[in-house]
Trainee: 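After the structure tokens below, expect a handful of questions from me.
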Amino acid sequence: NHFKDNVIICHMLVLDPIRFVDQFAEAGCDCFVFQAEKLDSSTIGELIAKDQGIWHEGRAALNMETGVDAIKDVIKELDLVHVSCGDPCSDEIPFNPEMLKKVTEVRKLSKKVMIEIEGNVTSVEMTAAVEKGVNLVVSGYKGKDTLKEFKDMRYVVNKFKYGL
């Protein structure tokens, strides 16, 4: 029960995200995800504490260049870690399977944290990601046969959820 119906997730790709927390909470945001790469560990801790004071949880994102070490000291404070595996806005930066190593690292640090990936994810990458411990997938798929790909993704979901 990590998410309820009609959730508004604000994934903030901004410098100094702590200055936006109160504004987005007041606007009705249900969940605030911040990018860890531009923050030092004390700022990350402060941001998580502020998030937990409002939403009772902390959520962090790692871009492709940022390692798991950026959140290692606060992993027990987080309930979600977002791992960028490509650029869903650009076909020039495809899914990078090397990013799944971060998923493995995060999962070793915490069995409880939800792990989300995004970045031109197809059903093939989705299968590998779920096998490594991913709980949430943001596809960003821009291939030629979107309907077929989404049917394949649905099959992957059913396979893992129901053992099909």
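Just so you know, residue 1 is the first one in the sequence shown, and it goes up from there. Values below: all heavy atoms of this structure, side chains included; hydrogens, waters and symmetry mates excluded.
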Trainee: Where do Asn120 and Glu125 come nearest, in terms of heavy atoms and distance?
Mentor: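 Taking every non-hydrogen atom into account, O-OE1, 4.1 Å.
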Trainee: Indicate yes or no for a side-chain donor-acceptor contact from Ser84 to the backbone of Gly86 under 3.5 Å, with no hydrogens or angles considered.
Mentor: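 Checked: no pair found.
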Trainee: Show, in sequence, the C-alpha distance, side-chain angles and deciding distance for Asp51 and Leu47, and conclude whether the side chain to side chain contact (heavy atoms under 4.5 Å, CB included) test is met.
Mentor: CA-CA 6 Å; Asp51 288 356; Leu47 187 53; 4.1 Å; yes
Trainee: Hey, what do you get for NZ (Lys112) to CG (Leu78), rounding to the nearest 0.5 Å?
Mentor: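 So the NZ of Lys112 and the CG of Leu78 are separated by 13.5 Å.
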Trainee: I would like to know whether Tyr155 and Lys159 meet side chain to side chain contact (heavy atoms under 4.5 Å, CB included); could you show each step before the answer?
Mentor: CA-CA 6 Å; Tyr155 174 79; Lys159 179 174 102 175; 4.1 Å; yes
Trainee: Please report the interatomic distance CD1(Ile44) to CD1(Ile48), rounded to the nearest 0.5 Å.
Mentor: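 Going from the CD1 atom of Ile44 to the CD1 atom of Ile48 covers 6.5 Å.
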Trainee: Would you mind listing every salt bridge (Lys or Arg N to Asp or Glu O under 4.0 Å) that reaches into residues 20-29, with sequence neighbours excluded?
Mentor: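 Pairs touching residues 20-29 that pass the test: Asp22-Lys50.
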Trainee: Within the 4.5 Å heavy-atom criterion, are Asp16 and Val14 side-chain neighbours or not?
Mentor: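 No, side chains not in contact.
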Trainee: Does His82 reach the side chain of Glu118, with side-chain heavy atoms less than 4.5 Å apart?
Mentor: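 The answer is yes, as the side chains (C-beta and beyond) meet within the 4.5 Å cut-off.
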Trainee: Please determine if Lys108 and Glu105 form a salt bridge, counting it only when a charged side-chain N lies under 4.0 Å from a carboxylate O.
Mentor: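 Looking at Lys108 and Glu105, the cut-off is not met.
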Trainee: Any chance you could measure Ser41, atom OG, to Lys72, atom NZ, to the nearest 0.5 Å?
Mentor: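 So the gap between those two atoms works out to 11.0 Å.
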Trainee: Answer yes or no: is there a donor N or O on one side and an acceptor on the other, between the side chain of Ser110 and the main chain of Lys76, under 3.5 Å?
Mentor: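 Not at all, since once roles are kept as given, no pair shorter than 3.5 Å links the two residues.
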Trainee: Going by heavy atoms in the side chains, are Gln35 and His11 under 4.5 Å from each other?
Mentor: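 Sidechains of His11 and Gln35: in contact.
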Trainee: Does Leu13 share a hydrophobic cluster with Val81, counting links as ILVMFWY side-chain heavy atoms below 4.5 Å and allowing steps through other members?
Mentor: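 Per the 4.5 Å side-chain linkage, Leu13 and Val81 are not co-clustered.
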Trainee: So Phe34 and Ile18, side chain to side chain contact (heavy atoms under 4.5 Å, CB included) or not? Walk me through it.
Mentor: CA-CA 9 Å; Phe34 65 88; Ile18 201 162; over 6 Å; no
Trainee: Considering only heavy atoms from C-beta outward, does the side chain of Val157 approach that of Met126 to under 4.5 Å?
Mentor: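 Heavy-atom side-chain distance check passes, below 4.5 Å.
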Trainee: Roughly how far, to the nearest 0.5 Å, is the SG atom of Cys10 from the CZ atom of Phe24?
Mentor: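 The CZ atom of Phe24 sits 5.0 Å away from the SG atom of Cys10.
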Trainee: Are Ile8 and Met114 connected in a single hydrophobic cluster, I mean Ile/Leu/Val/Met/Phe/Trp/Tyr linked by side-chain heavy atoms less than 4.5 Å apart?
Mentor: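 Cluster IDs for Met114 and Ile8 differ.
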Trainee: Who are the ring pair (Phe, Tyr, Trp, His ring centres under 6.0 Å) partners of Phe95, not counting sequence neighbours?
Mentor: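 By the ring pair (Phe, Tyr, Trp, His ring centres under 6.0 Å) rule, Phe95 matches no residue at all.
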Trainee: Taking Arg107 for its side chain and Gly133 for its backbone only, find out whether a donor-acceptor pair lies under 3.5 Å.
Mentor: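 It does hold such a pair.
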Trainee: Could you tell me whether the side chain of Cys85 reaches within less than 4.5 Å of the side chain of Asn96, counting heavy atoms only?
Mentor: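 A side-chain contact under 4.5 Å is absent here.
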Trainee: How far apart are the closest heavy atoms of Glu98 and Lys101, and which atoms are they?
Mentor: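 Here Glu98 and Lys101 meet closest at OE1-NZ, 2.6 Å.
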Trainee: Atom NZ of Lys148 and atom OG1 of Thr122: how far apart are they, to the nearest 0.5 Å?
Mentor: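 Going from the NZ atom of Lys148 to the OG1 atom of Thr122 covers 10.0 Å.
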Trainee: Return yes if some donor-acceptor pair links the side-chain N/O of Thr43 with the main-chain N/O of Leu39 below 3.5 Å, else return no.
Mentor: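 It does not hold such a pair.
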Trainee: Going by heavy atoms in the side chains, are Asp30 and Ile9 under 4.5 Å from each other?
Mentor: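 No, their side chains stay 4.5 Å or more apart.
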Trainee: Is Lys102 reaching over with its side chain to a backbone N or O of Thr66, donor-acceptor style, under 3.5 angstrom?
Mentor: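 Looks like yes, one N/O pair under 3.5 Å.
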Trainee: Tell me whether Val130 is reachable from Val124 by hopping between hydrophobic residues (I, L, V, M, F, W, Y) whose side-chain heavy atoms are closer than 4.5 Å.
Mentor: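 No, because Val124 and Val130 fall into different hydrophobic clusters, even though each may have its own neighbours under 4.5 Å.
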Trainee: Measuring from atom CD1 of Ile117 to atom CG of Leu62, what distance do you get when rounded to the nearest 0.5 angstrom?
Mentor: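 Here the interatomic distance stands at 13.0 Å.
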Trainee: Gln52 side chain to Glu77 main-chain N or O, any donor-acceptor pair under 3.5 Å?
Mentor: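 Yes, Gln52 side chain to Glu77 backbone: donor-acceptor pair under 3.5 Å.
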Trainee: Nearest heavy-atom pair of Phe150 and Ser139: which atoms, and what distance?
Mentor: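 Heavy atoms of Phe150 and Ser139 come nearest at CE2-OG, 3.9 Å.
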Trainee: Looking at Arg59 and Glu57, does any basic side-chain N land under 4.0 Å from a carboxylate oxygen?
Mentor: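 Judged by the 4.0 Å cut-off on N to carboxylate O distance, Arg59 and Glu57 do form a salt bridge.
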Trainee: Please tell me if the side chains of Val138 and Val121 come closer than 4.5 Å, counting only heavy atoms from C-beta onward.
Mentor: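 With C-beta onward as the side chain, the pair stays apart.
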